[in-house]
Amino acid sequence: MVDGIHFLGIRHHGPGSAKNVKAYLEELEPDIILLEGSPEAEPLLARVFHEQMKPPVALLAYQPDEPRRAVFYPFAEFSPEWQSMCYAVRREVPLRFFDLPLVHHLAFWKEREEQSVNEKSGEEGVCDEIPGETSEAKISGKAVVSAVSELLPVDPFAHLAKAAGYDDPELWWEVNFENRQHNEEVFAAVKEAVSVLREYFPKTDRETLLREAWMRKMIRAAQKEGFKRIAVVCGAWHVPGLEKMPTQKEDNELLKGLPKVKVECTWIPWTYDRLSFRSGYGAGIVSPGWYDHLWHYPDDDGTRWMSKVAALFRTKGMDISVAHVIETVRLAQVAAALRGLPRPSLEEYNDAVTTVMGFGDPILLQVIREALVISDRMGSVPDDVPKVPLLVDVEKLLKRLRLPLTTEVKEFQLDLRKPMDLERSIFFHRLNLLGIKMAHPLRVDGKGTFKEAWSVYYEPEQTLAVIEKAVWGNALTEAVVAYNTHLSKDITSISDLVDLLEQVIPADLPALVEEMTSRLDTLAASTTDVLEMMKTIPGMVNVVRYGSVRNLDYRKVNDMLNAMMARVLAGGVLVCTNVDEDTAAEIMECLVAVDYAIATANQPELTEMWIELVNKIREGQGSHPLLSGYSTRLLRDKNILGYEETAQTLSYYTSPGNTASDTAFWFEGFLKSSGTILLLDDQLWDLVNSWLASLNDDSFMELLPILRRTFSEYSLPERRKLGEKAKGSSSVKRVSIKSGVFNKEDARKVIPLMEQLLGIDGFCEI
């Protein structure tokens, strides 16, 4: 205590600090509480005792014109700051957040980003002073400025734990604070320890110096107002910097000319899972569920905790008896005694669970960690907290569609023929169009275009994502239309525009679809890139098909699809001519996608144009062998190309005039994704097998890499069965006179020449 000022140095989350702060405040009965936090959030304090306010919650502060610049200040019921706020509201004691205002914090953030951009662009005239730091000459006292990497890490207690011989700071904290029954003079002890740390780590960054200067300014203001018992609740690291005050003039000089930006604050729900992340104060804990248990049951000897563990295991189908619980508690207590601890910590309980319930296997600890040690608990905030209109609209839709926000992953199987399921589907699609990833589509098993599956869960960042998109409209529908209209106007690729249109269709936004369709028509008319048009066709087919499912009229898109297919037919062969291997591979992937799309569309006119194009690619003199091979295979699969024509094409590419690589590329295209067809089509098998058997050693070794690449695409069962079939095949194809491929009339034509060569007459008869 200094002149009526009581410094309560805390760790930002933990029942030990929370218990100590609560007890100290009740005994001190302060006139005012100065709490580390953003002053902009003070108007929100009145809602701490609201019936709908249930921790964990967080203060979200953001820059309205650039919402991505935001910070979260999370609180649990066992957070010292939360207990300080509850005490102040309950006792009607003035409470002020006395940290450096966020209007300056976020301005520093903006400066750092601009500095980083300038450094990357190599602009001249960049100031040598790094934002967030300052030179030694600008700082009074003994504080020295250094690069962040040379400063003390965020958690000073990690160094105290290391000095005490603990590798795990969480364990050290639990032993010395959470399991401690008598904490008299604990704040004095913490201040003394941190003071030594600050002497050992004298270098301080600019922002910390500015924060402490502002805190001292607020302390002086409270003193001038006549408050006699001032409770200062802040991170333990700041206590020495606040206790030893420089002159008011020095602090004012340091705080002169700070940059500002506009800041807004609100309460949002938080989760225990996210409480383990470092944000806001820079605090994070690894066991919020365990700390919650310690806060509510400080006198538990382990029986209640192990009962929770046993109940959890029983829900997993494990046979856990009362005897297991008793033996586990006893073993944890014995382990604590052997380690010189006053009572078991979480580590002792985990070791005991592994031994008694897991029979030495620590796998059970993962179940405990997720369900109990961390927990899936999620808080709630009052409906009347300040919110942007878009967030209010989203929350109303969530309630109307009966989609409660929880940290538990929930899966929804939707039948689009049901009104409620259809509305949910539209809502999920609209959120995704705004970049709010609250719902993730899942694969649906079985047939039917009226089925959808979604995985839904809440993360606090989703609230920030809604706030970021609030500039596009006050209602979800309005924001989605405005945002995606803006995106579509910046798109210059028809394939990208079709991809976006595919996402827009399920969101049931006819006006937006009409706008994008007109934009697509304009782009398609001016596009001359045939490969780009080929990439667009599958998406356009999906648009037309999905429109029929949703009872939407996409005749205009269908007309564009036919026109685009005609343009591809006109220029497709030229695209496939005289290209390198990489380009040919890219084109083949397009051909695969277009072939599947055309088959799905089932429109005779499209199919006719597509077959004509494929045949032209197969016959084209300059077509890459990879594309010619794939085109030949497509035509054979569709029964348009017979065995003899296929064999003639194969004979052409395996003739001595072609290089071995051209032959291999042709076969790679010809065998694309055809493992099962090779097994079932004996004629196709004979063609491939005879060619491979005819290769000499040098040619085979030259072709081996490409052949391995081709066959590696087949599944393991396919490769195994192909090997078995090859093992039983002859390397020489023998044609029986009874074979269906033997043509008696063709054979009779060669008899006269054979008789003449052999010098015989009328010897051979067929």
Between Thr266 (side chain) and Pro386 (backbone), is there a donor-acceptor pair under 3.5 Å? yes

Would a 4.5 Å heavy-atom cut-off, applied to side chains only, mark Gln63 and Glu264 as touching? no

Would you say the side-chain atoms of Gln52 pair up with the backbone N or O of Asp383, donor to acceptor, closer than 3.5 Å? yes

Using only atom types and a distance under 3.5 Å, with no angle test, would you say the side chain of Glu199 pairs donor to acceptor with the backbone of Val196? no

Would you say Leu197 and Trp237 make side-chain contact, with heavy atoms under 4.5 Å? yes

Test side chain to side chain contact (heavy atoms under 4.5 Å, CB included) on Leu25 and Gln83; report intermediate values, then the result. CA-CA 10 Å; Leu25 293 177; Gln83 291 302 318; over 6 Å; no

Can you find a heavy atom in the side chain of Pro30 that is under 4.5 Å from one in the side chain of Phe227? no

Which atom of Pro269 lies closest to which atom of Val381, heavy atoms considered: N-CG1, 3.8 Å

On the 0 to 90° scale, with breaks at 30° and 60°, tag the His440-Tyr457 ring pair as parallel, tilted or perpendicular. parallel

Please determine whether side chain to side chain contact (heavy atoms under 4.5 Å, CB included) holds for the pair Val48 and Phe75, giving the CA-CA distance in whole Å, both sets of side-chain angles, and the decisive distance to 0.1 Å. CA-CA 11 Å; Val48 167; Phe75 305 106; over 6 Å; no

For a quick test of reading the model, state the closest non-hydrogen atom pair linking Arg220 to Pro246 and the distance between them. NH2-O, 3.0 Å

Test log, rule side chain to side chain donor-acceptor pair (under 3.5 Å), inputs His6 and Tyr24: CA-CA 10 Å; His6 300 257; Tyr24 196 101; 3.0 Å; yes

Among all residues two or more places apart in sequence or in another chain, which pass the side-chain contact (heavy atoms from CB on, under 4.5 Å) test with Asp384? Arg47, His50, Pro382

4.5 Å side-chain heavy-atom contact, Arg377 and Pro56: yes

Separation of Phe97 CZ from Leu34 CG (nearest 0.5 Å): 11.5 Å

For the residue pair Pro15 and Leu294, what are the closest heavy atoms and their distance? CG-CB, 4.0 Å

Value rounded to 0.5 Å, distance of CH2 in Trp290 from CD1 in Ile368: 11.0 Å

Rounded to the nearest 0.5 Å, the NZ atom of Lys387 sits from the CD1 atom of Ile467 at a distance of 10.0 Å

Where does the angle between the aromatic ring planes of Tyr297 and His293 fall among parallel (under 30°), tilted (30 to 60°) and perpendicular (over 60°)? tilted

Hey, what do you get for CD1 (Ile10) to SG (Cys234), rounding to the nearest 0.5 Å? 7.0 Å

Within 6.0 angstrom of Asp167 CG, more than 12 heavy atoms from elsewhere: no

How close do Ala465 and Ile436 get, counting heavy atoms only, and between which atoms? CB-CG1, 4.1 Å

Salt bridge Arg211-Glu36, side-chain N to carboxylate O under 4.0 Å: yes

Write down the atom of Leu60, the atom of Ala70, and the distance for their closest heavy-atom approach. CD1-CB, 3.9 Å

Looking at side-chain heavy atoms only, is the closest gap between Phe187 and Val190 below 4.5 Å? no

Can you find a heavy atom in the side chain of Ser38 that is under 4.5 Å from one in the side chain of Leu59? no

What do the steps show when you test Ser84 against Glu81 for side chain to side chain donor-acceptor pair (under 3.5 Å), and what is the final call? CA-CA 5 Å; Ser84 300; Glu81 298 89 352; over 6 Å; no

Quick one: does any side-chain atom of Asp31 pair with a main-chain N or O of Lys228 as donor and acceptor, under 3.5 Å? yes

Would you indicate whether Glu26, at its atom CD, is surrounded by more than 12 heavy atoms from other residues, nucleotides or ligands within a distance under 6.0 Å? yes

Does Glu250 pair with Arg216 as a salt bridge, N-O distance under 4.0 Å? no

To the nearest 0.5 Å, atom CD of Glu77 lies from atom CG of Asp292 at 7.0 Å

Side chain to side chain contact (heavy atoms under 4.5 Å, CB included) between Leu346 and Trp305: does it pass, once the steps are laid out? CA-CA 10 Å; Leu346 180 60; Trp305 175 254; 4.1 Å; yes

Inspect the surroundings of NZ in Lys437 and state if more than 12 heavy atoms from other residues, nucleotides or ligands are less than 6.0 Å away. yes

Take atom NZ in Lys308; do more than 12 heavy atoms of anything else shown fall under 6.0 Å from it? yes

Closer than 3.5 angstrom, by distance alone: can the side chain of Asn20 be matched with the main-chain N or O of Gly16 as a donor-acceptor pair? yes

Donor-acceptor pair, distance only, cut-off 3.5 Å: does the side chain of Asp393 make one with the backbone of Leu476? yes

Can you establish whether the number of heavy atoms outside Glu225 located under 6.0 Å from its atom CD is more than 12? yes

Taking it one step at a time, do Gln462 and Val466 satisfy side chain to side chain contact (heavy atoms under 4.5 Å, CB included)? CA-CA 6 Å; Gln462 294 163 4; Val466 175; 5.7 Å; no

Can a donor-acceptor pair be found, under 3.5 Å and without considering hydrogens, that links the side chain of Asp251 to the backbone of Lys217? no

Go through the steps for Glu207 and His104 under the test side chain to side chain donor-acceptor pair (under 3.5 Å), then give the verdict. CA-CA 10 Å; Glu207 205 158 324; His104 305 308; over 6 Å; no

Whether Glu40 side chain and Val103 backbone form a donor-acceptor pair below 3.5 Å: yes

Distance under 6.0 Å and angle within 45° of the ring axis: does Lys469 meet both against Tyr483? yes

Close side-chain approach of Thr208 to His238, heavy-atom, < 4.5 Å: yes

Quick one: closest heavy-atom pair of Cys86 and Phe49, and the distance? O-CZ, 3.7 Å

When the aromatic ring centroids of Trp295 and Phe78 are compared, is their separation below 6.0 Å? no

Rounded to the nearest 0.5 Å, what's the gap from NZ on Lys22 to CG on Leu8? Could you check? 15.0 Å

For Arg304, look at atom CZ and say whether over 12 heavy atoms of other residues, nucleotides or ligands are found less than 6.0 Å away. no

Run the salt-bridge test on Arg198 and Glu243 with the 4.0 Å N-O cut-off and return the result as yes or no. no

Specify whether Trp82 and Trp267 have parallel, tilted or perpendicular ring planes, treating 30° as the upper limit for parallel and 60° as the lower limit for perpendicular. perpendicular

So do the side chains of Lys260 and Leu258 get within less than 4.5 Å of each other, counting heavy atoms only? no

